[in-house]
Student: 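Sharing a structure, written as structure tokens. Questions coming.
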Amino acid sequence: MAHQLNPKQQEAVNTVEHPLLVLAGAGSGKTSVITTKIVHLITQCGYKASQIAAVTFTNKAAREMKARVSSLLGGRNSRGLIVSTFHNLGLNIIRKEHKALNFKSNFTIFDDQDTLTLIRDLCNKNADADKSELIAFQQKISNWKNDLKSPQQIINEATNQDDLAAAKLYEAYDRSMRAYNAVDFDDLIRYPVELFRANPDILEKWQNKIRYLLVDEYQDTNTCQYELVKLICGRYGLFTVVGDDDQSIYSWRGAQPENLALLQDDYPNLRVVKLEQNYRSYGRILKAANEVISNNPHVFEKSLWSDKIYGDEIKILATDDDINEAERIANELLAHKLRSATAYSDYAILYRGNHQSRFMEKALIEKQIPYKVSGSTSFFSRTEIKDIMAYMRILVNPDDDNAFLRIVNVPRREIGPTTLEKLGLYAQKRHISLYDACFELGLKEELHAKGYAAIERFSKLIARTEDNVKRGDAMAVIHELLGYIGYHGFLYDNSSSTKAAEYRWSNVQQLLEWIEREYTNAEEDNDDNPLARAINKLMLREMLDRNEEEAEANEVQLMTLHASKGLEFNHVYLVGMEEELLPHRSSIEEDNIEEERRLAYVGITRAQKTLTMSYARQRKRYGEVVDTEPSRFLFEMPQEDLMWEEQQMPQTEEERQEKGRKNMDALRAMLS
DNA sequence: ACGTTGCGCCTTTTT
DNA sequence: GGCGCAACGT
């Protein structure tokens, strides 16, 4: 990392009086610029740390930035400095202003899975719908929110029956979310914007609080997020945004790289600084990256250069199939490590989709290579985790019917569909939540005695626990709750093996540890509802890969290309370089190759010293073996810098195993 | 009311 | 090759 800033970087830091756009190519030291600038604002320009906010898109980036700022500031006070994701900033605004927004202080966050179940429930009342349709609705609603369109607007604009039906669904969705006292990810940005637009006094309060705003990865902002930036910065536009249109890989999430160009219209006195010196990659890698991305159209022309050495050729491995690919990557990695005395943490294996990690993991385990898969959100889609989270959410926010339905009969309490349907009708009639309905006197008439008794037992359990949580030691209460409902035993009864049950229980333990940590943090902040705070943070996956020490551990890093953005590694393996994978099939169909090319560009530019790419001639897809073709992006790279490597594969299984043994022996010999 | 089994459906990327 | 979902059996 450059200690001394180059003139362009210095200019970006020193430009304080004007709104500033920094066009920062890959590896051009943009994080240095942002962090140095924060320090500059505090030490040279009279800003208090608490008047500055820096916003990023991922928790990882936020955490790293925070660490770097505080190390740069040394002993100086960084109290009150906001470094967070857009979503976290929005969450904090909503928490502080929940009254003006008509939310109770114990509101909770719905993730995509939760919103999908809600949409399914809403649809089932009208007609039958299949999954892809539901997801389409979900995306539509998300897009409308990101474009700041209200349900009313959408209903008014609808021109045909289908549009109208979708718009009506949006309206019902919005109503339900309010009734649940819940917000989704898009709402975390949307509500602050609506709030600021409708309440100039509240806006002014926040404008006074945040005097200077810095935005990282600005090309990833959507309309709503840009609006939030504009509102907070007001007409003086005291901000620095840093972005690179070549690294825009989130358009599927509503990101509008056009926001880069829009800045010039919205702020005529905008200054633009380009950072074009790359401090990361060897020349050959940078050349290949530049050549690939030159196939895309560009709004801002820039040419990245590097004064580093040229480096080794880029290796292209042609492999037989996905299993063979994983084995050979593992072998390559191991051989390279032994040759160059590097650490495992110098290596990263990058892929297009999460499912690709499985083969890699298997190969790495076989060769006893330590690794870490990062960015996988799958932990939170595990049933045991969703169950416990649902318990937590109902404790925080009893109006959350979604959470209620998930756990009302888990573990089994003899509460079946018939009882629940009657409960649901009753609640609907009175416009109250399912939980509240449990305590209504009239409910007893509607239900069978047995059903009512079961419901009563459940609702009283929740009420009692909720009460105990408020009284004090929440974590002890939660552990007691799990013991009372016998969740541990439930896992053992419902898992295929003891081993599986143990694993699932250890997941629960992990979750409880995270909750405890966030809970303690919230308590130290004197939060009035620490459990709510902790659960919402967990919903934003804030604690994932937070352990910086572990990131430093000696492990090979496995992650998706999306998750790799902003990171760098000495040696990068980019696997699955095939048509229909990268570029992905759906992107080919939607004619959106450009974003896939940027994805490839992001992957290539993660590499500092060596880059190896691989493709498999055959790959299992939907369980069926399919022939594949090498990715077009391989042919877009300068061929004189590539080294295509074929491998004569042993024909039989025995030969293959024999060869594997020989490899291992050779490696062991080298080790000793 | 609950558990099991078999069928058919996808599978991009994330806060 | 893994999920949810529907149908059936207890």
Side-chain angles (χ1 to χ4, degrees), chain A residues 55-62 84-91 109-113 115-117 120 124 128 130-135 139 142 145-146 183-190 217 220-222 224-225 248-255 322 350-359 374-378 380-383 409-420 448 450-451 454 493-494 496 536-542 544 559-565 576 580-590 592 595-596 598-600 602-603 619-625:
Chain A
V55 186
T56 66
F57 277 87
T58 64
N59 296 309
K60 209 183 239 171
S84 76
T85 62
F86 262 104
H87 296 270
N88 214 336
L89 178 67
L91 172 63
I109 300 171
F110 274 27
D111 68 13
D112 289 1
Q113 293 237 17
T115 63
L116 199 64
T117 21
R120 187 194 294 128
N124 281 344
D128 51 335
D130 75 333
K131 197 143 298 167
S132 58
E133 241 177 313
L134 296 176
I135 290 170
Q139 264 159 5
S142 175
K145 287 185 173 189
N146 288 337
V183 298
D184 63 26
F185 288 142
D186 300 316
D187 291 337
L188 290 174
I189 319 290
R190 175 179 75 130
E217 308 281 11
D220 290 340
T221 53
N222 60 34
C224 194
Q225 285 155 339
S248 160
I249 53 175
Y250 284 104
S251 71
W252 51 275
R253 221 168 88 182
D322 25 30
L350 309 180
Y351 36 79
R352 175 70 235 258
N354 275 311
H355 61 279
Q356 286 174 264
S357 72
R358 295 194 45 217
F359 294 105
S374 81
S376 159
T377 57
S378 59
F380 282 86
S381 46
R382 307 191 61 88
T383 26
N409 203 30
V410 176
R412 299 270 106 89
R413 294 189 181 87
E414 318 235 273
I415 300 171
T418 16
T419 311
L420 285 177
H448 289 301
K450 211 179 132 203
D493 294 341
N494 286 282
S496 49
N536 279 342
K537 285 253 171 153
L538 253 71
M539 291 305 289
L540 289 184
R541 314 289 187 251
E542 233 229 347
L544 280 188
M559 68 190 80
T560 63
L561 286 165
H562 283 88
S564 77
K565 192 163 71 148
E580 311 224 314
L581 237 188
L582 184 66
H584 195 271
R585 180 193 198 154
S586 40
S587 297
I588 298 174
E589 278 162 11
E590 287 161 30
N592 189 15
E595 179 137 322
E596 298 292 307
R598 290 192 289 268
L599 214 37
V602 166
R619 188 177 289 275
K620 253 199 198 128
R621 193 136 51 202
Y622 317 107
E624 213 138 17
V625 179

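Just so it is clear, the model here is predicted, and its values are computed rather than measured. A note on names: the letters A, B, ... follow the listed sequences, proteins ahead of strands, and every chain is numbered from 1.
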Student: Stacking here means centres under 5.5 Å and planes under 30°; does Tyr250(A) stack on dT13(B)?
Tutor: no

Student: When you check the gap from the basic side-chain N to the acidic O, do Asp111(A) and Arg541(A) get nearer than 4.0 Å?
Tutor: yes

Student: Nearest 0.5 angstrom please: Thr221(A) OG1 to Tyr250(A) OH, how far?
Tutor: 13.5 Å

Student: Looking only at side-chain N and O atoms, does Asn409(A) come under 4.0 Å of OP1 or OP2 in dC2(B)?
Tutor: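 Result: yes.
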
Student: At 4.0 Å (heavy atoms only), tell me whether Ser564(A) reaches a base, stays on the sugar-phosphate, or touches nothing.
Tutor: nothing

Student: Tell me which one of Glu590(A), Glu589(A), His584(A) satisfies side chain to side chain donor-acceptor pair (under 3.5 Å) with Ser586(A).
Tutor: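 Exactly one option meets the side chain to side chain donor-acceptor pair (under 3.5 Å) with Ser586(A), and it is His584(A).
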
Student: Indicate, with a heavy-atom threshold strictly under 4.0 Å, whether Asp112(A) touches base, sugar-phosphate, or nothing.
Tutor: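 Base contact - Asp112(A) has a heavy atom under 4.0 Å of at least one base atom.
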
Student: Arg358(A) side chain N/O closer than 4.0 Å to the phosphate oxygens (OP1, OP2) of dG1(C)?
Tutor: no

Student: Counting just side-chain N and O atoms, does Asn59(A) come under 4.0 Å of either OP1 or OP2 of dT14(B)?
Tutor: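 So the side chain of Asn59(A) is outside the cut-off, no N or O lying under 4.0 Å from OP1 or OP2 of dT14(B).
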
Student: Less than 4.0 angstrom between a side-chain N/O of Thr560(A) and OP1 or OP2 of dT14(B), yes or no?
Tutor: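 It does, given that an N or O in the side chain of Thr560(A) lies less than 4.0 Å from OP1 or OP2 of dT14(B).
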
Student: Quick one: is Arg619(A) getting a side-chain N or O under 4.0 Å of the dG1(C) phosphate, OP1 or OP2?
Tutor: no

Student: Contact class for Arg412(A) vs. all strands (heavy atom < 4.0 Å): base, sugar-phosphate, or nothing?
Tutor: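 The answer is sugar-phosphate, as Arg412(A) gets under 4.0 Å only of primed atoms, P, OP1 or OP2.
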
Student: Between Thr58(A) and dT15(B), is there a contact of a side-chain N or O with OP1 or OP2 at under 4.0 Å?
Tutor: no

